[in-house]
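This report concerns only the one structure given below.
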There are 2 protein chains.
Amino acid sequence: MATGRTHRPATRSRGIPEATVARLPLYLRALTALSERSVPTVSSEELAAAAGVNSAKLRKDFSYLGSYGTRGVGYDVEYLVYQISRELGLTQDWPVVIVGIGNLGAALANYGGFASRGFRVAALIDADPAMAGKPVAGMAVRHTDELEKIIDDNGVSIGVIATPAGAAQQVCDRLVAAGVTSILNFAPTVLSVPDGVDVRKVDLSIELQILAFHEQRKAGEGAVDGESPAEGAVGVEGPAAKVTKPAAQSAEKNRKGPDGDVPAVMPA
Amino acid sequence: MATGRTHRPATRSRGIPEATVARLPLYLRALTALSERSVPTVSSEELAAAAGVNSAKLRKDFSYLGSYGTRGVGYDVEYLVYQISRELGLTQDWPVVIVGIGNLGAALANYGGFASRGFRVAALIDADPAMAGKPVAGMAVRHTDELEKIIDDNGVSIGVIATPAGAAQQVCDRLVAAGVTSILNFAPTVLSVPDGVDVRKVDLSIELQILAFHEQRKAGEGAVDGESPAEGAVGVEGPAAKVTKPAAQSAEKNRKGPDGDVPAVMPA
DNA sequence: CCTTGTGAAGGCGTTCACAGCT
DNA sequence: AGCTGTGAACGCCTTCACAAGG
């Protein structure tokens, strides 16, 4: 339909699993910290603890990259830093543009973590003429009119969208038309892009909502009505964990609206 | 060990799968948009398109919540908005504190998506005495010394950490000690927390690194050496897709460092 | 007809546990 | 003896495809 969603049926690629790719930056960060402390080698156990994953997973992840460890010893920190950097494509320089220089865009522009890892902010772009020329993070903001030229001149292939939701799709289209093939989207919108363009989304309020879900469960602890007094503890990093807690409506699973209207008050 | 990681062996909870919980906010947003346009009902197909997922997944997700649709018709928008809101715990008010009012913290404080969904920013907290009292997002910044009191007075159970990496664990410990049980962490650090505390992480630079990985693959298109000319296109939303592209070192999988040293230059 | 709700199948990712090197 | 690398088992999530119900 309207959206340009793809599907790519797995492609059996001789490649690295997506879940592994998503963890490589984590390992890299932990390794960089070790490197700065001049630690020469680490075991999978130590590195896993530093990265916040379990060691079996880490070893499996590394096994997709090749055999970079030494049995009985561990991994050479510097060597691994390089291998992971190379795998992620961080040994080359990636010019990026940030579009939408509001609070968030400015925060991103100032964020050290970008520049430190092969990413170079080629330009800050905003639609507000009043912003044009103003310095943000030591850089003059450029106007949206120049977007295509900036991308072309700098060979930008990665764009960051930090505009309001309403402008995001339009900006996205222009970025794509100008040659950008990877987009990091901070606007709360579903972007549609043609095949070949990669979109990742960071949504601040979604994360909070997920927390609220779990928080809600913690609150109703053994209150509602018994099932088992069991657990109720969480304690996780990434995808967060499950919680016990009988859902207030679990006993009778199926039931349409008790009265069909749209409630206006909170549940007791 | 040092870290407070847990494991919770699945708990067979009569609950909603984590993957589903993570998508509920997406559905909610799409539904809210429909609601504002006074659309009375949607089919799973339409709603799925608006949320950027496929319809089978959406129906399966909703089936965990109960039978809220009407066969042959679809879902009642208003009713579904309420049900999902309730499930996520958004029908109640969640006071949150934001700690670390730098660029990012200020951006978060100004972010409309928070306030609009049951989240209320109870306080902005910063360690810099010079910041104390300064207005950000129409609110006077409070000093870290007051952290415990603020949390206690407002019954805050959700905290947002937007401090530099070095301060994050310390802030986290204080938040937890003061009674916070859910933390959204923007600092690039692995936080360790006791059981029962939920941590979610948002890492700006990790997302970019994942994009760079895929971007790198696109660049080396059919260059290296043939396998199948096949695809090479991506085009995804969340977890990003796979790409074909024969890895430059795939033929001979295992091989230690070609010469053992730590390379200082980029690969040709 | 229509669209939901859901068993069943399949795929992916994680974890286990041990074989294989150093 | 120690730690990596990995086949195999397991569990979660997604997808399919159709029965159930409007």
Side-chain angles (χ1 to χ4, degrees), chain A residues 5-13 15-24 27 41-49 51-76 79-80 83 236-242 253-256, chain B residues 5-13 15-24 27 41-49 51-77 79-80 83 236-242 253-256 260:
Chain A
R5 212 120 302 91
T6 327
H7 261 316
R8 203 110 336 276
T11 317
R12 188 189 70 288
S13 64
I16 299 167
E18 192 56 34
T20 295
V21 172
R23 281 187 294 266
L24 291 181
Y27 301 143
T41 59
V42 266
S43 67
S44 62
E45 201 70 53
E46 296 164 329
L47 183 54
V53 302
N54 87 42
S55 63
K57 195 185 288 186
L58 177 143
R59 287 200 302 279
K60 179 67 92 177
D61 283 342
F62 286 179
S63 79
Y64 294 116
L65 308 184
S67 290
Y68 292 149
T70 306
R71 293 172 203 239
V73 179
Y75 300 92
D76 181 283
Y79 184 62
L80 202 46
Q83 290 299 344
V236 182
E237 275 290 289
K242 253 117 256 179
K253 178 86 171 306
N254 287 7
R255 60 98 196 262
K256 286 290 298 201
Chain B
R5 213 124 297 95
T6 326
H7 262 316
R8 200 101 354 264
T11 317
R12 186 187 73 285
S13 65
I16 299 166
E18 190 56 32
T20 295
V21 172
R23 280 187 295 266
L24 291 181
Y27 302 143
T41 58
V42 266
S43 67
S44 61
E45 201 70 52
E46 296 165 329
L47 183 53
V53 304
N54 86 43
S55 64
K57 195 185 290 186
L58 177 143
R59 287 200 302 277
K60 179 66 99 179
D61 284 341
F62 286 178
S63 79
Y64 294 117
L65 309 183
S67 290
Y68 293 147
T70 306
R71 295 173 202 239
V73 178
Y75 300 92
D76 182 281
V77 171
Y79 184 62
L80 202 46
Q83 290 300 343
V236 182
E237 274 292 287
K242 255 117 256 179
K253 179 85 172 307
N254 286 8
R255 60 98 196 262
K256 286 290 297 201

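Below, chains carry the letters A, B, ... as their sequence lines are ordered, and counting in each starts from 1.
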With nearest nucleotides of DNA chain C determined for A/Thr20 and B/Val42 from heavy-atom distances, which residue corresponds to the more 5′ nucleotide?
B/Val42
Short N/O separations, protein against nucleotides 19-22 of chain D, under 3.5 angstrom:
{"unit_1": "D/dA20", "atom_1": "N3", "unit_2": "B/Arg71", "atom_2": "NH1", "d": "2.7"}

Please tell me which of the listed nucleotides, C/dT4, D/dT15, D/dT4, lies nearest to the side chain of B/Arg59?
C/dT4
Whether B/Tyr75 contacts C/dG5 is assessed here as follows: a side-chain N or O lying under 4.0 Å from the phosphate OP1 or OP2. Is that the case?
yes
Residue list, salt bridge (charged side-chain N to carboxylate O under 4.0 Å, His left out) with A/Arg23, at least two apart or on another chain
A/Asp61
Rounding to a whole Å, what distance do you find between A/Leu80:CG and D/dT4:C1'?
12 Å
Restricting to non-hydrogen atoms, name the atom on B/Thr41 and the atom on B/Asp76 that form the minimum distance, rounded to 0.1 Å.
CG2-CA, 4.2 Å
Note: A/Ser55 and A/Ser44 closest approach over all heavy atoms is CB-O, 3.8 Å
Closest non-hydrogen atom pair between A/Ala48 and A/Asn54, with its separation
CB-C, 3.8 Å
From D/dT14, C/dG13, C/dG5, nucleotide with atom closest to B/Ala19 side chain
D/dT14
Rounded to whole angstroms, how far apart are CZ on A/Phe62 and P on D/dG5?
9 Å
Could you tell me whether the side chain of A/Tyr75 reaches within less than 4.5 Å of the side chain of A/Glu46, counting heavy atoms only?
no
Output a table of nitrogen or oxygen pairs between the protein and nucleotides 7-10 of chain C separated by less than 3.5 Å.
{"unit_1": "C/dG7", "atom_1": "N7", "unit_2": "B/Lys60", "atom_2": "NZ", "d": "3.4"}

Rounded to whole Å, the CG-P distance (B/Leu47 to C/dG5) equals 12 Å
With a 4.5 Å limit on heavy-atom distance, are the side chains of A/Phe62 and A/Tyr68 in contact?
no
Tell me: OH of A/Tyr27 to P of D/dT4, nearest whole Å?
13 Å
Nearest-Å distance for atom pair CG/P, residues A/Asp61 and C/dT15:
11 Å
Side chain to side chain, B/Leu80 and B/Tyr27, heavy atoms closer than 4.5 Å
no
Rounded to the nearest angstrom, tell me the gap between atom CD in A/Glu18 and atom P in C/dC12.
12 Å
Under 4.0 Å from OP1 or OP2 of D/dC3: is there any side-chain N or O of A/Ser43 that close?
no
Of all the choices, D/dT6, C/dG5, C/dG13, which nucleotide is nearest to the side chain of B/Ser63 once you look at every atom?
C/dG5
Among the nucleotides C/dT14, C/dT4, D/dT14, whichever has the atom closest to the side chain of A/Arg23 is C/dT14
The reported gap from CD in B/Gln83 to CG in B/Leu24 (rounded to nearest 0.5 angstrom) is 11.5 Å
Taking only N and O in the side chain of B/Asn54, is any of them less than 4.0 Å away from OP1 or OP2 of D/dT15?
yes
Check the phosphate of C/dG13 against A/Lys57, side-chain N and O only, distance under 4.0 Å to OP1 or OP2. Yes or no?
no
Expressed as a whole number of angstroms, how long is the span from B/Leu58:CG to D/dC16:C1'?
16 Å
Grab the CD-P distance between A/Glu45 and D/dG5 for me, whole Å please.
14 Å
